[in-house]
K.L.:
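Got a structure for you, questions after.
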Amino acid sequence: MSPTGTPASPAGTSAVSASLPARHTFRSVAPVLALCWLAVFFDGMDVSVYGAVLPHMLDDPSLGLTPAAAGAIGSWVTFGMLIGALGTGTLTDWLGHRPVLVTSVLVFSAGSAACAVAGGPAAFGAGRFLAGLGLGGLMPICLSTVMEFAPPGRAALATGLLMTSYHAGGMVATGLGLTLAPALGWRSVFWAGVLPAVIAAPLLLLRLLPESPGVLLAKGRTAEAHAVADRYGMARPAPADAPPPGAKSRLGSVLALFRPGVRWATPLLWLASFCGLLLVYGVNTWLPQMMRTSGYGLTSSVSFLLVINAGGIAGMFLAGRTADRFGPVAVSALWFLLTAAGALLLGRHLPLGLTYVVVALTGIWLFSAQTMVYAAVNHVFPPADRTTAMGWVTGIGRTGAVVGPWLGGVLAAGGNGRLGFAVFASAGLLGAAAIALVAVAARRSRG
């Protein structure tokens, strides 16, 4: 018997089984979590870099960027993410996690390089769209991989730990905006976005990231699936855990999202993800400019982006541990409500020290509210449907990521930048209502 309670490994894997960790713990799957953490770190860095350098870009007359165009361009990257996420959810079950993840890393690095050499808004926007295609594919793969490898009962915490990297990347992007952009120009910051192709892609290509045991089982590579599961102390995958094989089954995987038991929960998760990503991308893109129009200085306005991402990191630990105890649906709903309250407070011109506190607290709630929507997917859908469900939840949610930056640009162009705080608060309230109804909808679908 293996340490997971499964039958002994087939011939050729006994040497591997003999050195298995005693239990399926965070330590046993640490290499997988670390590689996914690195990939999402660069995702957060690339997404946040636009908001970090946007004030410098608007002040650059040679680029010819207006607030309205800036909002539209902010939406282009998220539109690319929408396409990338919707396609990746099904492609990953077919081709495997690792090849699609490597391709995603290379594509968004190429997009960042295109932005660095762009001569005008149109070329810059094309580069952001290309980056979005890669970024959209990366997130659902890493999320579904981490949920599959997470120790039993710790999926929400593992998801929160993964998403700390997104905010660490956002903080690094903000730091680059505060240091490199004033000294070397805003283009230098986008060159930093090429680093994933140099650092992350080679590590993944060296096969340091294991393939999904469920995908291997679906491809008929049973011995390899068992070997991967044994290596990381996991229970061996059952046929029900594997995505259905064959290209024809891709449509069936999508239709399974509307079968009895989940047919009402699916659109509610989409709506909650829409609201969450509207908040995440709208705030990451426009917070510095909104705070600037509220009377704060340029340096303070950009530093608020650093503080809100620092709050986001703390929030991931708090939300993950709380959600593993009380459930991600309840935690996400409460976090959305607290985000709405924080956004309304930011709309008031408070003393600078108090403003930093409110920004940090808002970061604790805002980003992990959306992350717990992802964790809820793990509770609602069975393993065989999880990657496709995650791709569609993140993909449909990307429409919110398109709307958030665009809406911020419209408000800024009309001189109503401060109204954005009320708009973001409304999105928080709607997200809370949507995710709170998921549990009710799931019970009604089973009835």
Side-chain angles (χ1 to χ4, degrees), residues 21 23-44 85 88-89 92-93 96-98 100-102 104-105 135-169 200 203-204 208-216 225 228-229 231-235 237 241 243 269 273 276 312-313 315-324 328 331-332 367-368 370-394 397:
R23 293 181 299 127
H24 182 189
T25 65
F26 276 112
R27 177 174 293 182
S28 71
V29 297
V32 179
L33 300 182
L35 284 170
C36 289
W37 194 97
L38 179 63
V40 176
F41 170 86
F42 286 117
D43 183 337
T88 297
T92 301
D93 286 341
H97 288 204
R98 187 166 52 221
V100 179
L101 183 57
V102 171
S104 297
V105 169
L135 292 169
L138 186 151
M139 186 65 75
I141 297 173
C142 290
L143 284 166
S144 59
T145 298
V146 165
M147 289 179 182
E148 181 177 9
F149 280 81
R154 291 291 182 265
L157 179 57
T159 304
L161 291 172
L162 172 68
M163 294 305 293
T164 62
S165 63
Y166 180 92
H167 302 291
L203 292 175
L204 297 171
L208 296 180
L209 181 72
E211 187 53 84
S212 158
V215 170
L216 289 172
V228 171
R231 187 184 314 144
Y232 294 97
M234 303 163 59
D241 300 328
L269 285 167
S273 185
I313 292 176
M316 294 301 170
F317 288 101
L318 178 62
R321 292 183 66 87
T322 307
D324 279 333
V331 172
S332 181
F367 299 107
S368 48
Q370 170 62 24
T371 299
M372 290 304 103
V373 174
Y374 297 146
V377 173
N378 187 62
H379 282 235
V380 173
F381 297 95
D385 300 332
R386 199 166 291 152
T387 301
T388 298
M390 188 66 69
W392 279 80
V393 167
T394 57

K.L.:
Mind listing the closest non-hydrogen atom pair of Glu148 and Ser212 along with its distance?
P.N.:
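Heavy atoms only, the tightest pair is OE1-OG, 2.8 Å.
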K.L.:
Kindly give the heavy-atom pair with the smallest separation between Ala319 and Met372, and that separation in Å.
P.N.:
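Looking at all heavy atoms of both residues, the closest pair is O-SD, 3.9 Å.
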K.L.:
If I compare all heavy atoms of Ser273 with all of Gln370, which pair ends up nearest, and what's the gap?
P.N.:
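The answer is OG-NE2, 3.2 Å.
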K.L.:
Looking only at heavy atoms, which two atoms of Pro140 and Gly136 are closest? And how far apart?
P.N.:
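Scanning both residues completely, I find the closest heavy atoms to be CD-O, 3.0 Å.
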K.L.:
I'd like to know if the side chain of Ser332 and the backbone of Pro328 have a donor-acceptor N/O pair within less than 3.5 Å.
P.N.:
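Checking the backbone N and O of Pro328 against the side chain of Ser332, no donor-acceptor pair under 3.5 Å is found.
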K.L.:
Evaluate the criterion side chain to side chain contact (heavy atoms under 4.5 Å, CB included) for residue pair Val105 and Phe42; output intermediate values, then yes/no.
P.N.:
CA-CA 9 Å; Val105 169; Phe42 286 117; over 6 Å; no
K.L.:
If I compare all heavy atoms of Val228 with all of Glu211, which pair ends up nearest, and what's the gap?
P.N.:
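Heavy-atom minimum between the residues: CG1-O, 3.8 Å.
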K.L.:
Between Val146 and Tyr374, does the side chain to side chain contact (heavy atoms under 4.5 Å, CB included) criterion hold? Intermediate values first, please.
P.N.:
CA-CA 11 Å; Val146 165; Tyr374 297 146; over 6 Å; no
K.L.:
Please list every donor-acceptor pair under 3.5 Å in which a side-chain atom of residues 152-165 meets a protein atom from a residue at least two apart or in another chain.
P.N.:
unit_1	atom_1	unit_2	atom_2	d
Thr159	OG1	Ala155	O	2.7
Thr164	OG1	Trp37	NE1	3.0
Thr164	OG1	Leu161	O	2.6
Ser165	OG	Trp37	O	3.2
Ser165	OG	Leu162	O	2.5

K.L.:
Measuring from Leu35:CG to Thr145:OG1, what's the distance to the nearest 0.5 Å?
P.N.:
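Rounded to the nearest 0.5 Å, the CG-OG1 separation comes to 10.5 Å.
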K.L.:
Of all the heavy-atom pairs spanning Leu101 and Cys142, show the shortest one and how long it is.
P.N.:
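Of all heavy-atom pairs spanning Leu101 and Cys142, the closest is CD1-SG, 4.0 Å.
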K.L.:
With a 4.5 Å cut-off on side-chain heavy atoms, are Val377 and Trp392 touching?
P.N.:
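Sidechains of Val377 and Trp392: no contact.
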K.L.:
Answer yes or no: is there a side-chain heavy-atom contact under 4.5 Å between Pro213 and Phe149?
P.N.:
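Yes, their side chains come closer than 4.5 Å.
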